[in-house]
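The structure under discussion is supplied below as structure tokens; questions concerning it will follow.
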Amino acid sequence: MTKDELLARLKDIEWNDFEVKEASGGLPKSMWETVGAFSNTVGGWIVLGIKENRIDSVSNYEVVGVDKIEKMEQDVINTVRSVSKFNVPIPATAQRFVIDNKDILAIHIPGSGNKPVYFGNTLTNTYIRVGSGDRKATDIEIEILLREKTFGTKSEMEVEGTSFDDINQQSLQTYRQRIKDYNPIFRYNDLSDEEFCIKTGIISRGNLSYGGLLMFGKGESIQKYIPHFWIDYIEIPGTSYSDADCRYTYRMSEQENIWEYFKVLLQRLRLYVDNPFMAGPDGFSPEDNSQLYCLREGLVNLLAHADYFSPMHSTIRVFSDRIEFQNPGMFAVQISDKPGKVKSVPRNPNIIAFFRYARQGENAGYGIDKILRWNKLTGLKVEFDSDIMSSTVTYPLPSNKGGQNGGQKRTDSSTDSAYNQSSASTDKNQNEVVGKGGQKNSDSTRSRIIEAMRNKPEISRKELSAVVGISQSAIQKHIKYLKGAEVIIRVGSDRKGLWRVIK
């Protein structure tokens, strides 16, 4: 922290990474509570020699300075770096500033990788940072901190008793096809399925890794070892549950694994944003900078950083004015709105690697930059909020969008209504119905149908209707056209058969 940055913070308010203390009579008793609280969250600065004055709930800060700054610095650093005060050493650092000819001591406390951090050799002396204050952790919060000890490593651990047979083969095949489409030079593309899984970390010494199981496992296998796994997606027709006409207009059914959730969620989110349709396996190219790309990075962030061992589960809520991604577990770092300022610290490293192999996620540190591009594209600011229990990323939706939920859903649904309008015209050569949506709209809808069939060959017309956002009757007319154009064929019976994309 520079002197200018410190002065700027003093004009602001204390928050979850910044605390001032007067320390005129020596180190304050609350010092160690704050050290522990910062260690158990994302870290922060404790600035000694600043007095807080509160008038009518408004704070202003007075520079009072500290005496014997060298001794105070050594007392703090020696105490937190030993195990005499805290259960683990804390690698704090100190900086000295002179403001108005007075010495100011700033101590940086990093977030600990060995949580929970507590003092006095008593687990009940565990503190966390909540907003601008320190709070004693509850039993539930201490349990969360104990799970944080495996942050960044749990997903790579082996799941004893699992094997290649616990992989959903359809998920693996669609994933490998995605890599071949987007990353054709990937060095493991030509390996057998089992060798591919070993080389990429899906399998470790004959067992699936937790990340591999979550990403590609069979549903029953995941529930056996990770019983709380579930990602909940709901569309609510209002700005809150209370003002909605009904509880929800759409709720996604449970999927087998993370990869299946990702494919379905990406198609569903497409309905709510402007995005130019581009040639590619999922409708946009790696260089795309559309709103959908921003949402995709948020989706990958949600899936790769979730605490899947928490009793909570990940949720996506689409309101009429915003889209909320909420995860169990706190952000590992303080989120900055400055491009390139956020380092990637993934909770589940191999899950984020799986997305990167298929070019479905940015390289380390750049995903947040892509999320923040939403601000420029829409004029609305993405909001980040985190506490020890959960983290939320909120995308405000532009108010000028059509449709009940403010997105592109109504525009795409024009294809549906076009089929039902008596004024629709028929192209005799293609035997295709084209209404107000136009051919461009139809092409976009068909491309999403084709992608859905690639991702899930056994997908039903009802499921296609939910993914694409048009009626089943409209889906059937698009399928009829695609069959006639020899783009798709049906293999097997209507009930138990599969779709095969042949072009």
Side-chain angles (χ1 to χ4, degrees), residues 150-159 162-164 166-205 207-219 221-222 225-226 229 231 255-267 280-282 286 293 295-309 314 325 327 329 332 344-368 370 451 454-456:
T150 60
F151 187 100
T153 61
K154 182 71 173 181
S155 70
E156 296 177 341
M157 294 179 182
E158 299 170 21
V159 187
T162 58
S163 69
F164 182 74
D166 290 293
I167 292 175
N168 181 310
Q169 292 302 313
Q170 179 183 305
S171 299
L172 181 61
Q173 295 310 314
T174 58
Y175 173 71
R176 295 201 65 181
Q177 186 60 52
R178 188 70 61 97
I179 292 180
K180 290 174 182 177
D181 288 335
Y182 269 127
N183 193 3
I185 61 172
F186 188 59
R187 59 189 179 277
Y188 303 137
N189 276 344
D190 295 330
L191 297 180
S192 68
D193 288 342
E194 194 158 357
E195 289 174 326
F196 174 88
C197 290
I198 293 170
K199 291 294 187 180
T200 55
I202 298 171
I203 291 177
S204 175
R205 297 191 301 183
N207 296 307
L208 296 188
S209 63
Y210 274 103
L213 177 63
L214 284 162
M215 190 77 171
F216 306 110
K218 294 177 180 176
S221 299
I222 294 176
Y225 297 97
I226 313 166
F229 174 71
I231 298 163
Q255 305 295 311
E256 286 272 302
N257 50 48
I258 291 175
W259 182 244
E260 297 301 326
Y261 272 113
F262 172 72
K263 293 183 297 182
V264 176
L265 287 167
L266 189 61
Q267 293 300 324
D282 56 1
Y293 198 112
L295 280 181
R296 190 199 72 178
E297 288 303 317
L299 177 58
V300 171
N301 182 75
L302 176 98
L303 299 173
H305 293 268
D307 179 1
Y308 290 108
F309 301 90
S314 300
F325 294 85
N327 250 345
S344 177
V345 186
R347 184 183 299 275
N348 305 299
N350 58 353
I351 292 179
I352 194 68
F354 297 147
F355 280 114
R356 286 204 305 269
Y357 294 155
R359 300 285 173 86
Q360 299 301 297
E362 286 291 333
N363 289 327
Y366 291 96
I368 295 296
K370 290 296 182 180
E451 168 62 7
R454 278 200 185 104
N455 288 334
K456 189 176 183 180

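These numbers were taken from a predicted model, which means no experiment stands behind them.
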Problem set entry | Flag side-chain contact, heavy atom, 4.5 Å: Cys197 against Leu172 | yes
| message | Using a 3.5 Å distance criterion without hydrogens, assess whether the side chain of Asp166 forms a donor-acceptor pair with backbone atoms of Gly217. | response | no
Practice prompt. Return the orientation label for the Trp259 and Tyr175 ring planes: parallel under 30°, perpendicular over 60°, tilted otherwise.
Written response: perpendicular
Problem - Evaluation steps, side-chain contact (heavy atoms from CB on, under 4.5 Å), between Ile202 and Phe196 - result: CA-CA 8 Å; Ile202 298 171; Phe196 174 88; 4.2 Å; yes
Apply side-chain contact (heavy atoms from CB on, under 4.5 Å) to residues Ser221 and Thr162 and explain how you reach the verdict. CA-CA 8 Å; Ser221 299; Thr162 58; 5.9 Å; no
Query raised in the report: Do Tyr261 and Met215 touch side chain to side chain, with heavy atoms closer than 4.5 Å?
Result: no
Here the pair of heavy atoms bringing Asn257 nearest to Leu214 is CB-O, 3.3 Å
Closer than 4.0 angstrom, basic N to acidic O: yes or no for Lys154 and Asp307? no
Residues Gln170 and Lys456: closest non-hydrogen pair is NE2-CA, 3.4 Å
Exercise. Are the aromatic ring centres of Phe354 and Phe216 under 6.0 angstrom apart?
Worked result: yes
Does any non-hydrogen side-chain atom of Ile258 lie less than 4.5 Å from one of Phe229?
-> yes
When every non-hydrogen atom of Glu256 is compared with those of Asn168, the smallest separation belongs to OE1-ND2, 3.2 Å
* Any sub-3.5 Å donor-acceptor pair from Asn327's side-chain atoms to Ser314's backbone N or O? -> no
Nearest heavy-atom approach of Asp190 to Arg176 is N-NH2, 4.3 Å
Between the CG atom in Asp181 and the CD atom in Gln177, the distance rounded to the nearest 0.5 Å is 4.5 Å
dist Thr174:OG1 -> Lys263:NZ (nearest 0.5 Å) comes out at 3.0 Å
Rounding to 0.5 Å, atoms CG (Asn207) and OG (Ser163) come to a distance of 8.0 Å
Exercise for the section: Go through Tyr210 and Tyr308 one step at a time and tell me if the ring-ring contact (aromatic ring centres under 6.0 Å, His included) criterion holds. Expected result: CA-CA 10 Å; Tyr210 274 103; Tyr308 290 108; over 10 Å; no
N/O donor-acceptor pair under 3.5 Å between Ser204 side chain and Glu158 backbone:
no
Between Asn301 and Glu297, do the side chains contain a donor N or O and an acceptor N or O under 3.5 Å apart?
no
Report task. May I ask you to decide if Asn183's main-chain N or O and Asn189's side chain share a donor-acceptor pair within less than 3.5 Å? Result -> yes
Residues passing the ring-ring contact (aromatic ring centres under 6.0 Å, His included) test with Phe186, sequence neighbours excluded, are Tyr188, Tyr357
Item checked: Asn350 side-chain N/O to Ser155 backbone N/O, donor-acceptor pair under 3.5 Å -> yes
**Test item: Asp193 and Ile167 side chains (from C-beta on) under 4.5 Å apart, heavy atoms** = no
One should read off an interatomic distance between Arg359 CZ and Arg178 CZ, to the nearest 0.5 angstrom, of 13.5 Å
Interatomic distance, CZ@Phe262 vs CG@Leu302, rounded to 0.5 Å, equals 11.5 Å
Taking every heavy atom of Pro349 against every heavy atom of Glu156, the minimum-distance pair comes out as CB-OE2, 3.5 Å
d(Leu265 CG, Arg296 CZ) to nearest 0.5 Å is 14.0 Å
### Query
Would a 4.5 Å heavy-atom cut-off, applied to side chains only, mark Leu303 and Phe355 as touching?
yes
